[in-house]
Amino acid sequence: MRRPVRTSVLAPAGAGLAVAAALVFVGLATQDDGAGAPGGQAGTAVGTAAETTLMEPGSRPDAPVLTGDDLEGNPVSLAGLRGHVVVLNVWGSWCGPCRAEADGLERLSRQTRADGVRFLGINTRDRDPAAARSFVRAHALSFPSLPDPTGQLLLRFPPALLNPQAVPATLVIDRRGRIAAGIGGAVTEEQLRPVLARVAREES
């Protein structure tokens with residue numbers, strides 16, 4: 001069953017109309033029958049289009065602690081990226097929309113690195129690490145991803161900004177380590193770029 005999804009935009013006073021307009025998307029939907037989830041897991045929504053919530057600086061919650069070894073066994077810490085704008089992308093190799101957005105995320109990662117933007121993935125509900133690593137190779141992803149085979153890492157985030165049952169999802173973390181934006185569903189470069197530009201312009 002497909003259902004419409006409402007986009008919520010909480011822009012600071014005085015934000016440019018062009019930025020606000022870039023964040024409003026129409027005709028959005030998610031697939032909520034669990035199709036594509038590991039084992040056909042019911043209750044896991046597969047997001048087919050993006051909805052965005054942009055937080056005012058004064059109301060942003062701190063991002064939770066994320067630390068551990070990535071899919072290649074290298075140590076990774078979200079706190080270690082403090083001072084950078086961080087794109088945190090939740091994906092699974094079993095998720096069709098994740099495959100659709102992956103190449104664009106990799107391009108944007110390379111294009112925005114000089115602007116101080118860093119990307120970090122959370123690979124969720126892939127119980128076979130080989131499947132996750134195959135996904136990384138297939139899309140030539142250069143940014144690290146933390147494995148989260150049971151979905152427990154997602155429970156550390158505010159559910160209003162990151163629904164642990166909806167994949168893919170993307171968060172934008174500001175330079176102070178606060179959650180600046182939440183994007184539910186598959187995101188495109190064109191949708192994510194204005195969000196990153198706005199957060200990158202902010203003073204740390």
Side-chain angles (χ1 to χ4, degrees), residues 36-39 41 44 46-47 61-158 161-189 192 195-196 199-200:
Q41 180 179 344
T44 299
V46 179
D62 290 334
V65 173
L66 292 179
T67 186
D69 291 342
D70 68 10
L71 290 169
E72 302 301 327
N74 301 311
V76 175
S77 169
L78 180 59
L81 299 175
R82 185 72 61 88
H84 297 282
V85 175
V86 178
V87 175
L88 188 66
N89 178 251
V90 179
W91 61 273
S93 68
W94 46 268
C95 163
C98 299
R99 293 191 291 272
E101 71 175 5
D103 293 341
L105 289 173
E106 174 59 23
R107 281 192 298 270
L108 197 56
S109 170
R110 295 178 183 275
Q111 292 167 0
T112 58
R113 188 171 182 82
D115 299 323
V117 178
R118 299 293 183 267
F119 280 58
L120 177 63
I122 296 179
N123 168 234
T124 192
R125 299 184 181 92
D126 265 319
R127 297 187 182 276
D128 180 4
R133 287 193 290 267
S134 177
F135 181 99
V136 169
R137 289 193 301 270
H139 297 281
L141 299 182
S142 61
F143 54 87
S145 288
L146 286 166
D148 184 27
T150 63
Q152 291 301 303
L153 291 183
L154 305 187
L155 299 179
R156 301 181 185 182
F157 293 88
L161 292 175
L162 181 61
N163 179 353
Q165 297 300 324
V167 181
T170 301
L171 296 178
V172 177
I173 314 296
D174 68 19
R175 290 189 177 92
R176 296 174 61 180
R178 304 172 304 179
I179 302 174
I183 305 172
V187 67
T188 67
E189 297 170 77
L192 184 54
V195 181
L196 293 180
V199 177

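Because only heavy atoms are used, hydrogens play no part in the values below, and waters and symmetry mates are left out as well, while side chains stay in. Count residues from 1 along the sequence.
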If every non-hydrogen atom of Val187 is compared with every non-hydrogen atom of Glu101, which pair is closest and at what distance? N-OE1, 2.9 Å
Determine whether a donor-acceptor pair (N or O, by modelled atom type, separation under 3.5 Å) exists between the side chain of Asp148 and the backbone of Leu153. yes
Using every non-hydrogen atom in the two residues, find where Leu154 and Pro164 come nearest and quote the distance to one decimal. CD1-O, 3.8 Å
Scanning both residues in full, the closest heavy-atom pair of Val167 with Arg125 reads CG2-NH1, 3.6 Å
Do you know the tightest heavy-atom contact between Ala102 and Leu141? O-CD2, 3.9 Å
Please tell me if the side chains of Val90 and Pro168 come closer than 4.5 Å, counting only heavy atoms from C-beta onward. no
Check whether any side-chain heavy atom of Pro144 lies under 4.5 Å from a side-chain heavy atom of Leu71, and answer yes or no. no
Separation between OG1 (Thr67) and CG (Leu146), nearest 0.5 Å, reads 7.5 Å
Of all the heavy-atom pairs spanning Arg127 and Thr150, show the shortest one and how long it is. NH1-CG2, 4.0 Å
Residue of the set Leu105, Asp126, Ile122 for which side chain to side chain contact (heavy atoms under 4.5 Å, CB included) holds with Trp91: Asp126
Using modelled atom types and a 3.5 Å cut-off, is there a donor and acceptor pairing between side-chain atoms of Arg133 and backbone atoms of Glu72? no
Residues pairing under side-chain hydrogen bond (donor to acceptor under 3.5 Å, both in side chains) where one sits in residues 105-115, two or more places apart or in two chains, turn out to be Glu106-Arg110, Glu106-Ser142, Arg107-Glu189, Gln111-Arg193
Residues Ile179 and Phe157: closest non-hydrogen pair is CD1-CD2, 4.0 Å
Straight-line distance of Thr170 OG1 to Leu192 CG, nearest 0.5 Å: 6.5 Å
Pairwise distance OG1(Thr124) to CH2(Trp94) - rounded to 0.5 angstrom: 7.0 Å
Is any side-chain heavy atom of Val85 closer than 4.5 Å to a side-chain heavy atom of Arg118? no
Between atom CD1 of Ile173 and atom NE2 of His84, what is the distance when rounded to the nearest 0.5 Å? 14.0 Å
From CZ (Arg82) to CZ (Arg178), nearest 0.5 Å: 10.0 Å
How long is the straight-line distance from CG of Asp62 back to CG of Asp174, given to the nearest 0.5 Å? 9.0 Å
Answer whether the closest heavy-atom distance between the side chains of Ser93 and Ser134 falls below 4.5 Å. no
